[in-house]
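Structure record follows, encoded as structure tokens.
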Amino acid sequence: MGNCCSDEVGHGAGRHSVGPAASVAEAASAAADRFLRSRGAGASTQIELSLSASILGDQEYFSKSNPMVIVYSKSNDGALEEIGRTEVILNSLNPSWNAKINLQYQFEVLQPLVFQIFDIDPQFHDVSEKMLKLEEQQFLGEAICNLSEVITKQNRLLTLKLGVSEHNLPNPSKSGELTVEAEESAGSKALMEMVFHCSDLEIKDLLSKSDPFLLISRISENGTPVPICKTEVRKNDLNPKWKPVILNLQQIGSKENPLIIECFNFSSNGKHDLVGKIVKSVAELENMYHSQDGENFFVPASTAHDCHSKEVLKSQVFVEKYLENNRHTFLDYISAGCQMNLMVAIDYTASNGNPRLPDSLHYIDPSGRPNAYQRVILEIGDVLQYYDAAKRFPSWGYGARPIDGPVSHCFNLNGSTYQPEVEGIQGIMSAYISALRNVSLAGPTLFGPLISTATEIASQSLTNNQQKYFILLIVTDGVVTDFQETIDAIIKASDFPLSIVVVGVGGADFKEMEFLDPNKGGRLESSTGRVASRDVIQFAPMKDVHGAGISVVQSLLAEIPGQFMTYMRTRETQAIS
């Protein structure tokens, strides 16, 4: 799995607004946003599944079964979509199939898989596997799991019991076992690291210099650009140098394939101006590094009748660094035993409203319909729980007054004085509801104590040499009031194995919370002048809609693997030095 962009990945990139091409460019922008939100830095990689089975039911009187596996992905509404089929193995109750099932692993979403095994009737052995009609074959059994259950196992190998189908297939007479083994594509380990800088960029802003960033896309078989990564935004800089861009071979296909490198001037309204672009393969970029020659940007000539005409600019882009190597990937660390430990902090300030009333954000609906806080916890918890074998999650509340006590900005949801952990996602939900009955909603909204507490746990884990990385989820209905204390805590947290995800719920104006998101182009600086050693925090309000079925929560989780890898590589560098 490659860390496909620099440590800070800007949101909303790619909105060309250059003359008559604007409408086409804005569509490309939306595509870029959807792609990058659903495949954040290091969040996606190609996986090959190898399948074998044992003790299959023998459906034949005169010979053993002739089994074949069909693999499906399962959507939220329960619909199945076929991913692939194995070959048919003749006369075997313990088959090991040669055919590999290829699919894309995405950290930020649950990926339920359904495996169905059929005994293929001998009369169809000359028929291609893809053409076989399953209703004409004998069903042997079904197994279901999430892809994350496979890749989090040691050696990425999971054995499942075959049983009755949930999908209206006849019950098998006997059951057996199916073993699923996942292997990461070799191309995801071959990495190319590059540092770009530009000179003499055109001034796009009236009152300041430009705020440039780069968007890199590969060209698909049908000629359309497919965004693969982008850099951070450099504020007020006409000669910018960006953090390293890391691509893997899986993303680009080949070093000879052309890439489109576009430079945009960042705009907070999302309509970023195209400064210029070049088209170069990775091999050509490597040559630029060795020669130290710059390449002039160009833009489509707005007045030309020929759509292929272009205007060459004086602005240039340079490759300051080029390095190839093979590195451990996110999945390498996970399968080696590194745990991802969820922490949860819930806003109990008075602005949420009386929990007994239906208009409160904390209202517990008797019908069982989850409120906004419960939805966020469930969506994030459902994904992250598979990366923690113990499933014991520290859970806190803030901004409330416990019975006969002062306002607390970090209290244990379970009521314990010393131990904040609860058992499983349902344990979080139960402790959340219980706390609503035992505290008085108050205020103000402070994040500093929460982040400091989470950082202390991460620090202690590091001291004990535990293989853990922590993800602090803060759910809030309003803007923090301890701005500088929060920034100081975030900057300290950046040195430890911790990421912070902040989700806003309700109808508040969260504009002031954008200071938490370095993807907006800003830079966090502590009260002592220190900046964060890496990007560790993202914020988004739940009311944001990202299109293409990508939720706010998924877009935030998509950045976790990149932050994780940045931390691990920093640790490796420190160990070497």
Side-chain angles (χ1 to χ4, degrees), residues 10 12-33 35-36 194-206 209-231 233-234 237-242 245 247 251-267 270-320 322:
R15 293 243 175 134
H16 316 48
S17 53
V18 281
S23 59
V24 175
E26 286 181 6
S29 162
D33 281 352
F35 184 92
L36 290 164
M194 291 172 280
V195 172
F196 292 97
H197 79 265
C198 292
S199 65
D200 299 321
L201 292 183
E202 180 182 350
I203 296 177
K204 290 288 185 177
D205 295 330
L206 293 177
K209 298 178 182 178
S210 295
D211 304 327
F213 66 92
L214 298 180
L215 174 68
I216 301 177
S217 306
R218 65 176 174 85
I219 301 176
S220 66
E221 292 181 359
N222 63 11
T224 58
V226 178
I228 53 179
C229 75
K230 54 186 171 182
T231 67
V233 176
R234 305 301 297 179
D237 197 342
L238 299 181
N239 298 282
K241 175 183 174 182
W242 290 277
V245 169
L247 304 174
Q251 292 172 303
I252 63 175
S254 164
K255 288 179 64 176
E256 307 303 324
N257 290 345
L259 299 176
I260 301 173
I261 302 174
E262 297 170 293
C263 182
F264 290 94
N265 178 40
F266 178 84
S267 175
K271 297 182 178 180
H272 314 304
D273 292 322
L274 177 66
V275 176
K277 63 181 178 178
I278 64 170
V279 179
K280 292 287 182 182
S281 67
V282 168
E284 290 171 322
L285 293 172
E286 182 181 8
N287 290 336
M288 286 176 59
Y289 163 70
H290 290 301
S291 68
Q292 287 298 292
D293 291 332
E295 180 75 13
N296 290 83
F297 280 124
F298 70 86
V299 292
S302 57
T303 58
H305 297 292
D306 182 358
C307 63
H308 297 291
S309 179
K310 60 187 180 182
E311 177 186 349
V312 178
L313 309 176
K314 69 173 184 177
S315 305
Q316 287 191 313
V317 60
F318 297 81
V319 181
E320 186 169 307
Y322 181 91

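Note that the coordinates shown come from a computational prediction; the quantities given were computed from them, not determined experimentally. No hydrogens, no waters, no symmetry mates; every other heavy atom, side chains included, goes into these values.
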Which heavy-atom pair separates [X] from [Y] by the least distance, and what is that distance?
X: Ser217; Y: Pro227; answer: OG-CA, 3.4 Å
X: Ile228; Y: Gln251; answer: O-NE2, 3.9 Å
X: Val282; Y: Tyr322; answer: CG1-OH, 3.4 Å
X: Glu284; Y: Lys280; answer: OE1-CA, 3.3 Å

Is the backbone of [Y] close enough, under 3.5 Å, to the side chain of [X] for a donor and an acceptor to pair up by distance?
X: Asp200; Y: Ser315; value: no
X: Ser210; Y: Glu202; value: yes
X: Asp293; Y: Met288; value: no
X: Asn257; Y: Ile252; value: yes
X: Ser291; Y: Asn287; value: yes

Please tell me if the side chains of [X] and [Y] come closer than 4.5 Å, counting only heavy atoms from C-beta onward.
X: Phe264; Y: Asp273; value: no
X: Glu286; Y: Lys255; value: yes
X: Cys263; Y: Leu201; value: yes
X: Val245; Y: Leu214; value: no
X: Phe196; Y: Glu320; value: no

Could you measure the distance from the [atom1] atom of [X] to the [atom2] atom of [Y]? Nearest 0.5 Å is fine.
X: Leu215; Y: Ile261; atom1: CG; atom2: CD1; value: 10.0 Å
X: Arg234; Y: Asp211; atom1: CZ; atom2: CG; value: 11.0 Å
X: Leu285; Y: Ile216; atom1: CG; atom2: CD1; value: 8.0 Å
X: Lys241; Y: Ser199; atom1: NZ; atom2: OG; value: 14.0 Å
X: Cys198; Y: Asn239; atom1: SG; atom2: CG; value: 8.5 Å
X: Ile278; Y: Leu313; atom1: CD1; atom2: CG; value: 12.0 Å

Tyr289, Phe318, Trp242 screened by ring pair (Phe, Tyr, Trp, His ring centres under 6.0 Å) with His197, the one that passes: Phe318
Going through the checks in order, is the side chain to side chain contact (heavy atoms under 4.5 Å, CB included) test met by Lys277 and Phe298? CA-CA 5 Å; Lys277 63 181 178 178; Phe298 70 86; 3.7 Å; yes
